[in-house]
Asks: 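Following this message is one structure expressed as structure tokens.
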Amino acid sequence: MSKITNGQDTAGQNIPYIAGITLIATLGGLLFGYDTAVISGAEKSVQAYLITGQGLSTWVHGVTISSALIGCILGGAISGVFSSRMGRKKTLIIAAVLFLLSALGSGYPEFLFFQEGEPTMGLLYMFNFYRIIGGIGVGLASAVCPVYIGELAPANLRGRLVSLNQFAIIFGMLVVYFVNWGISNGQSSEWLDTVGWRYMFLSEAIPAGLFGLLMFLVPESPRYLSMVNRDEEALKILTKVNGAASAKKIFADIKNTVEHHSGKLLSYGKTVIIIGILLSVFQQFVGINVALYYAPRIFESMGAGKDASMLQTVVMGVVNVFFTVLAILTVDRWGRKPLLMVGSIGMAIGMFAIAALSFYEIIGISTLVFIILYTASFMMSWGPICWVLISEIFPNKIRGKAVAVAVAAQWAANYFISATYPSMMEYSGAFTYGFYGVMSVLSLLFVWKMVPETKGRTLEDMEALWMNKPSYSQEQPTLISKR
């Protein structure tokens with residue numbers, strides 16, 4: 001008997017096939033998390049080896065630790081061109097190659113040109129170059145992985161499947177926390193500052209190579225194939241995913257949205273682009289990547305030793321995974337907006353509490369509790385749900401370009417927050433964490449007033465939403481005009 005979920009016949013859905021494709025694609029998310037979090041264990045050693053050894057400033061340290069984000073901005077910005085001209089699949093293969101090059105180069109930046117053990121400005125530039133290369137891979141993967149999964153997933157499963165990409169990001173972070181802890185456990189600071197940090201970066205080569213190889217086994221996105229007039233291939237993949245009856249209707253809807261719009265970025269008005277950008281900016285301005293990049297240093301400043309701070313980071317990673325799973329299980333049941341709003345409230349409470357504790361110089365278990373409250377609130381809401389919305393709110397014809405704009409804005413915001421954190425902390429810890437708390441409150445107001453609910457809608461419904469067509473019925477009153 002056929003089962004109806006959110007108005008969609010699910011009888012013909014090939015769940016094992018969908019799950020296999022999603023798991024392979026989410027390796028891009030795992031590498032996204034791995035590449036961005038590997039620096040958390042290595043940043044103090046990189047500082048000792050490349051920054052302090054040359055008498056360079058805290059600002060140079062902040063820029064170096066955040067240098068991969070320059071690549072992320074570039075990768076996000078060019079992702080629309082790559083994914084629209086080369087396809088989603090080939091773009092992700094390119095990202096895998098960049099991850100591999102970055103892992104090898106960051107772990108041994110002296111390759112060919114420099115003498116090991118002699119830090120110079122040239123070596124510092126080379127290290128940053130390899131980190132930027134990895135960042136371009138992250139930027140490509142962060143934009144294209146959610147889009148690829150969202151374009152293949154049936155509407156009733158899309159929220160959960162795209163959220164799996166965020167789970168993979170957090171799982172990648174957790175894996176590298178364990179790797180960093182394992183490398184550093186029991187080792188001297190001198191060994192870590194000369195050798196250990198290299199192993200941390202080199203370890204990324206294994207998942208990068210695996211991702212690149214497995215991507216050859218998955219199909220191209222049917223919506224991309226339809227846009228480049230490879231209709232027979234698109235229908236074949238849709239049939240394999242959704243079953244013959246549903247595939248024909250979905251294919252007809254896709255062709256209708258593709259053929260009746262110019263594809264110019266603002267052809268659906270400015271509002272959808274502004275909402276996409278603000279989703280991205282708020283996800284970063286609440287300060288989450290400060291907690292992720294600088295986690296061991298934060299815990300060490302609370303009084304934990306080197307090994308204990310690495311272990312507490314692992315604990316935080318486990319909590320993050322648990323609450324990301326909670327989001328996966330509820331996003332298609334409760335909807336996007338409720339989760340985002342609850343998460344904003346939890347983040348605001350956590351950050352304001354940390355700011356107060358910092359102001360009164362209270363360091364202890366209470367600080368750890370509020371950091372975990374803050375990160376857990378993010379992981380059950382803004383972490384996965386932001387990517388779900390970015391992958392689904394844009395109409396088919398402009399999705400590649402619009403996602404590229406939103407993701408580039410996200411990485412630019414990420415870079416700003418991460419690079420300014422050391423200087424802000426030198427000025428005032430209470431001010432720094434209070435700022436992130438204020439951003440959490442503003443994110444709540446933004447979602448309440450501007451973000452539409454997209455639960456259970458097909459990607460083709462997004463055209464009706466932004467063109468204000470009556471075929472898109474809202475379950476809540478926020479429907480903004482295209483102007």
Side-chain angles (χ1 to χ4, degrees), residues 2-22 24-25 80 83-92 144-162 215 217-264 267-268 272 332 388 390-403 454-467 469-473:
S2 177
K3 181 181 178 182
I4 304 296
T5 304
N6 292 328
Q8 183 173 349
D9 185 349
T10 64
Q13 291 176 0
N14 189 342
I15 301 301
Y17 181 65
I18 297 168
I21 293 172
T22 301
I24 292 174
S83 65
S84 296
R85 294 186 180 180
M86 302 179 64
R88 296 14 172 174
K89 177 178 174 177
K90 289 181 180 178
T91 301
L92 290 176
V144 180
C145 280
V147 169
Y148 176 76
I149 296 169
E151 290 185 341
L152 273 158
N156 64 300
L157 299 175
R158 191 175 60 245
R160 275 169 281 181
L161 294 180
V162 176
M215 276 304 300
L217 303 180
V218 301
E220 181 54 88
S221 157
R223 286 169 171 86
Y224 168 76
L225 292 172
S226 180
M227 285 191 289
V228 294
N229 297 314
R230 293 162 61 182
D231 293 347
E232 187 175 335
E233 295 175 66
L235 184 57
K236 182 178 178 180
I237 295 167
L238 286 169
T239 301
K240 194 167 184 179
V241 170
N242 300 279
S246 296
K248 291 178 180 178
K249 180 182 184 305
I250 295 169
F251 179 74
D253 289 341
I254 292 172
K255 292 304 293 183
N256 182 59
T257 60
V258 168
E259 291 172 357
H260 291 85
H261 244 279
S262 66
K264 293 181 180 179
S267 59
Y268 291 88
V272 62
D332 284 320
V388 171
I390 287 174
S391 73
E392 68 185 4
I393 64 170
F394 301 116
N396 283 329
K397 196 71 173 179
I398 66 168
R399 185 170 298 118
K401 298 174 184 176
V403 168
T454 57
K455 180 184 73 172
R457 306 293 182 176
T458 68
L459 295 180
E460 287 62 51
D461 283 339
M462 295 305 104
E463 179 174 357
L465 166 63
W466 301 114
M467 295 300 293
K469 292 182 179 179
S471 57
Y472 187 98
S473 59

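Numbering of residues begins at 1 and proceeds along the displayed sequence.
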Asks: Drop me the distance from Cys145's SG to Ile24's CD1, to the nearest 0.5 angstrom.
Replies: 12.0 Å

Asks: Is there a donor-acceptor contact under 3.5 Å from the side chain of Arg223 to the main chain of Glu151?
Replies: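 Looks like yes, one N/O pair under 3.5 Å.
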
Asks: With side chains defined as the heavy atoms from C-beta onward, is the minimum distance between Ser246 and Phe251 less than 4.5 Å?
Replies: no

Asks: Hey, does Val241 have a side-chain heavy atom less than 4.5 Å from the side chain of Asn14?
Replies: no

Asks: Ser83 versus Tyr224: any side-chain heavy-atom pair under 4.5 Å?
Replies: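 Sidechains of Tyr224 and Ser83: no contact.
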
Asks: Measuring from atom CG of Asn242 to atom OG1 of Thr239, what distance do you get when rounded to the nearest 0.5 angstrom?
Replies: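 Separation between the atoms: 8.0 Å.
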
Asks: Could you check if a side-chain atom of Leu225 sits within less than 4.5 angstrom of a side-chain atom of Asp231, using non-hydrogen atoms only?
Replies: no

Asks: Any Lys/Arg nitrogen of Glu220 or Arg88 sitting under 4.0 Å from an Asp/Glu carboxylate oxygen of the other?
Replies: no

Asks: So, Thr22 side chain and Ile18 main chain: donor-acceptor pair closer than 3.5 Å or not?
Replies: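 Present.
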
Asks: Using side-chain heavy atoms (C-beta onward) and a distance below 4.5 Å, is Ile237 in contact with Leu152?
Replies: yes

Asks: Can you tell me if Arg399 uses its side chain to pair, donor with acceptor, with the backbone of Phe394 under 3.5 Å?
Replies: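 Checked: pair present.
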
Asks: Hey, are the side chains of Pro146 and Ile149 touching, using non-hydrogen atoms and a 4.5 Å cut-off?
Replies: no

Asks: Kindly say whether Pro222 contributes a backbone atom to a donor-acceptor pair with the side chain of Glu233 at under 3.5 angstrom?
Replies: no

Asks: As an exercise, state the distance from CG of Leu235 to NZ of Lys248, rounded to the nearest 0.5 Å.
Replies: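 Answer rounded to 0.5 Å: 7.5 Å.
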
Asks: Going from CD on Glu392 to OG1 on Thr454, what distance comes out if it is rounded to the nearest 0.5 angstrom?
Replies: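 Rounded to the nearest 0.5 Å, the CD-OG1 separation comes to 3.0 Å.
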
Asks: Could you tell me which non-hydrogen atom of Lys455 sits nearest to which non-hydrogen atom of Asp332, and how far apart they are?
Replies: CD-O, 3.5 Å

Asks: To the nearest 0.5 Å, tell me how far Ser221 OG sits from Leu238 CG.
Replies: 8.5 Å

Asks: Within 45 degrees of the ring normal and closer than 6.0 Å to the centroid, is that where the cationic atom of Lys89 sits relative to Tyr148?
Replies: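 Output no; distance or angle outside limits.
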
